[in-house]
Amino acid sequence: MGFDDVKPLPLEPSNEFETKRVLHRLVANTSLEAVVRDIVRHPALLASLEAGTEVFVPFPPRGTWDETLGACRLIQTNGCCPVPHVPARMVRDRSQLIEWIKSLETVNVRSVMLIAGDVDTVSPCYKDSLEVLNTKILTTHGIEQVSIAAYPDGHPQITTIKLQEAFNRKLEFAIRDGFTLRVVTQFGFDADPLLSWLARIRGSGMNIPISVGVAARTQMKTLLLYAARCGVRHSIDGFLVNPSVARMLGQWDPLKVLGPVSAYLSSGEDIPVEKAHMFTFGGLQRTIEWRDRVLAQCDEIEARVAHE
């Protein structure tokens with residue numbers, strides 16, 4: 001897939017130049033979320049990334065832990081850092097949770113993404129990520145860093161108050177058990193809810209590393225399907241009533257979110273946003289190509305400004 005329709009980043013005044021520098025940082029440091037199939041079929045793509053790039057491995061409802069573990073090995077072999085998802089509701093019992101985490105210890109995986117999971121089980125052993133954290137099994141078996149999800153667009157089944165209460169509890173567990181807590185936001189089509197959420201983080205004084213979740217460049221039809229599954233309701237509604245929606249049904253451009261976020265962060269706001277987090281939706285190669293193109297454009301702008 002080509003990128004001829006990607007609009008070039010304009011050369012702007014100095015404040016806009018700072019925005020491009022922030023964009024470069026977010027994209028250069030980006031973590032990727034790649035399905036097992038993509039990792040198994042295209043391991044060489046991982047080798048083209050900077051050493052230590054984080055690659056998150058989602059655990060779909062029909063997935064297996066052996067598939068996750070195999071993907072983690074491939075990611076490490078190709079110089080990147082695997083971050084497997086641990087879905088609380090898909091854990092059969094305590095012994096299985098111990099087995100999963102101990103298997104990560106054998107391949108030197110120290111970081112996980114802890115989620116509730118999409119499976120609706122009548123009586124799950126663990127109903128959410130808080131219950132998994134409360135077992136202390138993760139830290140007992142070598143997990144040093146836990147990423148959790150945040151929902152700037154809201155959650156279809158959880159109120160904002162309950163989301164905040166759960167977030168506070170997870171922070172308490174991190175302090176208690178001595179692991180590093182990080183936040184990865186859910187993707188959306190509209191930057192405004194994300195910017196409002198970042199403003200609330202700034203106002204709270206929290207200093208927890210944040211990765212801004214962004215949907216990678218992909219077909220809008222595919223992206224809308226994933227968004228519906230993930231409950232990104234606010235952004236879907238706003239997107240569909242946009243008069244220009246018909247013109248956007250070809251390709252989604254991540255800059256529609258990363259551009260405003262970079263501008264906000266370049267204004268000097270003290271917010272601990274480390275990087276972008278790209279949801280690739282089975283398009284690992286397409287995502288890496290987009291990333292490299294944007295970085296090249298940012299580098300070109302910096303070079304031109306330096307010579308003025």
Side-chain angles (χ1 to χ4, degrees), residues 29-34 54-60 68 72 81-91 97 100-101 104 109-119 124-188 193-194 196-198 200-202 204-215 229-232 261 271-279:
N29 296 329
T30 191
S31 52
L32 303 171
E33 185 158 310
E54 290 184 313
V55 180
F56 286 56
V57 184
F59 195 134
T68 289
C72 287
C81 178
V83 184
H85 284 205
V86 177
R89 296 191 190 114
M90 293 181 69
V91 179
L97 179 60
W100 284 4
I101 304 306
L104 294 178
V109 171
R110 305 296 184 188
S111 179
V112 299
M113 176 78 185
L114 185 58
I115 59 174
D118 296 329
V119 176
C125 181
Y126 305 107
K127 72 175 187 296
D128 55 32
S129 54
L130 278 171
E131 291 192 354
V132 171
L133 286 175
N134 198 37
T135 67
K136 300 187 180 183
I137 289 173
L138 300 186
T139 50
T140 298
H141 295 286
I143 298 302
E144 300 171 351
Q145 183 169 269
V146 177
S147 295
I148 60 172
Y151 302 90
D153 256 87
H155 193 285
Q157 298 175 333
I158 309 174
T159 66
T160 301
I161 293 176
K162 288 186 176 180
L163 284 172
Q164 186 59 50
E165 290 174 349
F167 183 87
N168 292 339
R169 289 286 308 283
K170 291 166 187 175
L171 181 57
E172 291 172 5
F173 283 136
I175 295 171
R176 181 196 72 183
D177 296 341
F179 61 84
T180 299
L181 187 69
R182 298 197 316 173
V183 175
V184 179
T185 67
Q186 181 58 280
F187 71 91
L194 178 57
S196 296
W197 183 83
L198 289 174
R200 292 196 298 272
I201 291 294
R202 180 200 60 188
S204 71
M206 290 184 183
N207 192 31
I208 299 173
I210 298 169
S211 296
V212 174
V214 184
R229 290 177 181 175
C230 296
V232 187
V261 169
I271 304 174
V273 175
E274 288 189 326
K275 62 182 75 174
H277 177 79
M278 306 295 295
F279 294 84

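Here the structure is a predicted model, which means the values were calculated and not measured.
- Closest approach of A88 and S129 over heavy atoms only: CB-N, 4.0 Å.
- Summarising the geometry, atom CD1 belonging to I201 is positioned 10.5 Å from atom CG belonging to N207; distances are rounded to the nearest 0.5 Å.
- A heavy-atom distance below 4.5 Å is not found between the side chains of V86 and I115.
- A215 and F187 make their closest contact through N-CB, 3.6 Å (heavy atoms, listed as atom of the first residue, atom of the second, distance).
- Taken to the nearest 0.5 Å, the OG1 atom of T185 stands 5.0 Å off from the CG atom of L194.
- Contact detail for W100 and P87: the closest heavy-atom pair is CZ3-CD, 4.2 Å.
- Between K275 and E54, some side-chain heavy-atom pair lies under the 4.5 Å cut-off.
- For the pair R89 and E131, the salt-bridge criterion is not met [side-chain N within less than 4.0 Å of a carboxylate O].
- Panel note: side chain T30, backbone A276; a donor-acceptor pair is recorded below 3.5 Å.
- Here the rule is side-chain contact (heavy atoms from CB on, under 4.5 Å) with K170, and of L130, I175, V146, V183 only L130 fits it.
- Contact of the V83 side chain with the V55 side chain is not registered, since no non-hydrogen atoms from C-beta on lie closer than 4.5 Å.
- Taking CG of N168 as the start and OG of S204 as the end, the distance is 9.0 Å to the nearest 0.5 Å.
- Remark: M278 CE to S31 OG distance equals 9.5 Å, nearest 0.5 Å.
- Looking only at side-chain heavy atoms (C-beta outward), Q164 and T160 stay at 4.5 Å or farther from each other.
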Is there a side-chain hydrogen bond (donor to acceptor under 3.5 Å, both in side chains) between S111 and Q145 once you walk through the steps?
-> CA-CA 5 Å; S111 179; Q145 183 169 269; 3.2 Å; yes

Go through F179 and E144 one step at a time and tell me if the side-chain contact (heavy atoms from CB on, under 4.5 Å) criterion holds.
-> CA-CA 5 Å; F179 61 84; E144 300 171 351; 5.7 Å; no

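- Separating the CZ atom in R182 from the CD1 atom in I210 is a distance of 11.5 Å, to the nearest 0.5 Å.
- Using a 4.5 Å heavy-atom cutoff, the side chains of P209 and P272 are not in contact.
- Across P58 and F56, no two heavy atoms sit closer than the pair CD-O, 3.5 Å.
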Kindly determine whether F173 and K136 satisfy side-chain contact (heavy atoms from CB on, under 4.5 Å), including the steps that lead there.
-> CA-CA 9 Å; F173 283 136; K136 300 187 180 183; over 6 Å; no

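- I208 contributes atom CD1, which lies 13.5 Å from atom CD1 of I271 (distance to the nearest 0.5 angstrom).
- T139 places no side-chain N or O within 3.5 Å of a backbone atom of D177 that could act as its donor or acceptor partner.
- The shortest heavy-atom contact between P152 and P193 is O-CB, 3.7 Å.
- Under the 4.5 Å side-chain criterion, counting only non-hydrogen atoms from C-beta, L133 is in contact with L138.
- Between V212 and V184 there is no side-chain heavy-atom pair separated by less than 4.5 Å.
- You'll find the side chain of L97 reaches within 4.5 Å of the side chain of Y126, heavy atoms only.
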